[in-house]
Amino acid sequence: MSNQATAPAILVERLHKQFTGPSGTVHALKGVSFEVARGQVFTILGPNGAGKTTLLRILTSVMRPQSGSAWVEGYELGRENMAIRPLIGIVSQDNHFDRYLTVWQNLDMHARMHGLDRKESAKRISELLERVHLYDRRKDYMETFSGGMQRRVALIRALIHRPRILFLDEPTTGLDPVARREIWNTIQELKQNTTVILTTHYMEEADRLSDRILMLNQGQVVMEGTPVELKRHISPPDIYELYLNRPVAEAYRQTLLHLLEEATVSDPYTLKFKLRRAEDLSVLIGQISPTDLRALGLAEADLEAVYLTVAGRYSEGGPSA
């Protein structure tokens, strides 16, 4: 790819990767292709064994594919790895700090490995520790930090050299809700200057943070799009939900049957339905008492429902019937 300035953050074309062991050959990636625009949070979802870790290891130049090509910031993986590595930061699932060094010493060692001089390293570490509200703990040892605090330090360690692309492999696993939200806020701030590649098993996290989502299963791309697009894939936009102020959903279902193609009562206060004709919506509203009506909106599946639907279509032998 000739022009790095106009290239996407990541371009992947037909990646294949297989492993051979005592139990035979495992095809970890089967012709995976996708593109990541700059300044996005791009999330990779999939069950265990879907190929997520293999894909990340290839994109971070740790592993080579059997075939296919990939470019990071316009540089080709496998041919220009030395140009790629300074452009990426990685937060793996394990923190891997030196327990005999303070927070500052751990970060300074990492900064010096990336070529920052002492003055630049000190300035950058101070900025980042202030950003995650840990500057006052800079002289403490990592073993005195909670899991959430260690993850914040791991995150800023990966940012010290100002990478263009940050790989986050399940960054909030095992954290309490408060610590998780703090990491979320940091990721959302990062998007202004950094492309973020995220893997996670938390569907709320993926839904809240992602600009685009790639779903993998058994080494294949099975779905890609924005969170809204993926949710609409299994929840068409013509399914409505009627929320009532009192338990009369069943009564309204009977009253409005002549307008409804499908109708289910989720609970006494909620009626989910599909209209026979879209233009009947105003007629339906006119037949509901204003004192009964709390809200009316389009039904939307959550991302977990999408994930389970997609995962359920695949078994060991391929797509299920």
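If you read the sequence from its start, that first residue is 1, and numbering goes on from there.
We find that Arg124 and Glu120 are not joined by a salt bridge, their nearest charged nitrogen and carboxylate oxygen being 4.0 Å or further apart. Ionic pairing of Glu73 and Arg38 is present here: one or more N-O contacts between side-chain nitrogen and carboxylate oxygen are shorter than 4.0 angstrom. Using a 4.0 Å cut-off between charged nitrogen and carboxylate oxygen, Glu127 and Lys123 count as a salt-bridge pair. Note on Glu250 versus Arg253: salt bridge recorded, some NZ/NE/NH1/NH2 to OD/OE distance being below 4.0 Å. A salt bridge links Asp207 with Lys231: the closest approach of a Lys/Arg side-chain nitrogen to an acidic carboxylate oxygen falls below 4.0 angstrom.
Residue Leu45 comes nearest to Ala206 through the heavy atom pair CD2-CB, 4.1 Å, listed as atom of the first residue, atom of the second, then distance. Here the closest heavy-atom approach between residue Gln40 and residue Val36 is recorded as OE1-CG1, 4.2 Å. In terms of heavy atoms, Ser92 sits closest to His96 at OG-CD2, 4.1 Å. Across Gly51 and Leu29, no two heavy atoms sit closer than the pair O-CD2, 3.6 Å. Across Glu224 and Glu35, no two heavy atoms sit closer than the pair OE2-O, 4.2 Å. Scanning both residues, Ile88 and Thr60, for their nearest heavy atoms gives CD1-CA, 3.9 Å.
Judged by distance alone, with hydrogens and angles left aside, the side-chain atoms of Thr255 form a donor-acceptor pair with the main-chain N or O of Ala251 at under 3.5 Å. Listed for the Glu76 side chain is no donor-acceptor partner under 3.5 Å among the backbone atoms of Ala70. Formation of a donor-acceptor pair under 3.5 Å by the Asn106 side chain with backbone atoms of Phe97 is not found in this model. No side-chain donor-acceptor contact under 3.5 Å links Lys274 to the backbone of Tyr240. The backbone N or O of Met142 lies less than 3.5 Å from a partner atom in the side chain of Gln150, making a donor-acceptor pair. When atom types are taken as modelled, the side chain of Thr194 and the backbone of Arg164 share no donor-acceptor pair closer than 3.5 angstrom. Here the side chain of Asp292 pairs no donor or acceptor atom with the backbone of Ser289 at under 3.5 angstrom. Distance alone, capped at 3.5 Å, places no donor-acceptor pair between the Thr144 side chain and the Asp140 backbone. Between the side chain of Arg151 and the backbone N or O of Gly148, no donor-acceptor pair lies under 3.5 Å. Judged purely by atom type and a 3.5 angstrom limit, Ser210 has no side-chain atom pairing as donor or acceptor with the backbone of Ile213.
Of the N and O atoms on the side chains of Ser33 and Glu13, not one donor lies less than 3.5 Å from an acceptor on the other residue. Remark: the Glu241 side chain and the Tyr243 side chain contain an N/O donor-acceptor pair separated by less than 3.5 Å. Between the side chains of Ser61 and Arg85, at least one donor-acceptor pair of N or O atoms lies under 3.5 Å. Side chain to side chain, Thr172 and Glu205 meet the donor-acceptor criterion of an N or O pair below 3.5 Å.
Ring orientation note: the planes of His114 and His161 are close to parallel, at an angle under 30° on the 30°/60° scale.
Here the straight-line distance linking atom OH of Tyr252 with atom CD of Gln287 works out to 9.5 Å at 0.5 Å rounding.
Between Leu77 and Trp71 the shortest side-chain heavy-atom distance does not fall below 4.5 Å. You'll find the side chain of Leu134 reaches within 4.5 Å of the side chain of Val153, heavy atoms only. Within the 4.5 Å cutoff, the side chain of Val32 has heavy atoms near those of the Leu216 side chain. Side-chain contact between Lys191 and Asp211 is present, with heavy atoms from C-beta onward closer than 4.5 Å. Under the 4.5 Å side-chain criterion, counting only non-hydrogen atoms from C-beta, Leu209 is in contact with Leu198. Looking at Phe167 and Val91, their side chains never come closer than 4.5 Å, going by heavy atoms from C-beta outward. Counting heavy atoms from C-beta outward, Asp169 and Leu56 have side chains that approach closer than 4.5 Å. Residues Phe273 and Leu256 fail the side-chain proximity criterion, which asks for heavy atoms closer than 4.5 Å.
Arg276 CZ: more than 12 foreign heavy atoms inside a 6.0 Å radius. The number of heavy atoms from other shown groups lying within 6.0 Å of CZ (Arg112) is above 12. Summarising the local packing, CZ of Arg294 is surrounded by more than 12 heavy atoms from other residues, nucleotides or ligands at distances under 6.0 Å.
Hydrophobic clustering places Leu55 together with Ile90 (ILVMFWY residues linked when any side-chain heavy atoms are closer than 4.5 Å, directly or through intermediates). Linking ILVMFWY side-chain heavy atoms closer than 4.5 Å, directly or via other members, places Ile288 and Leu281 in a single hydrophobic cluster. One hydrophobic cluster, built from ILVMFWY side chains closer than 4.5 Å, cannot hold both Ile44 and Leu166; they sit in different ones.
Residues in residues 263-272 take part in these side-chain hydrogen bond (donor to acceptor under 3.5 Å, both in side chains) pairs, two or more places apart or across chains: Asp267-Thr270.
Residues Phe42 and Phe34 bring their aromatic ring centres within 6.0 Å.
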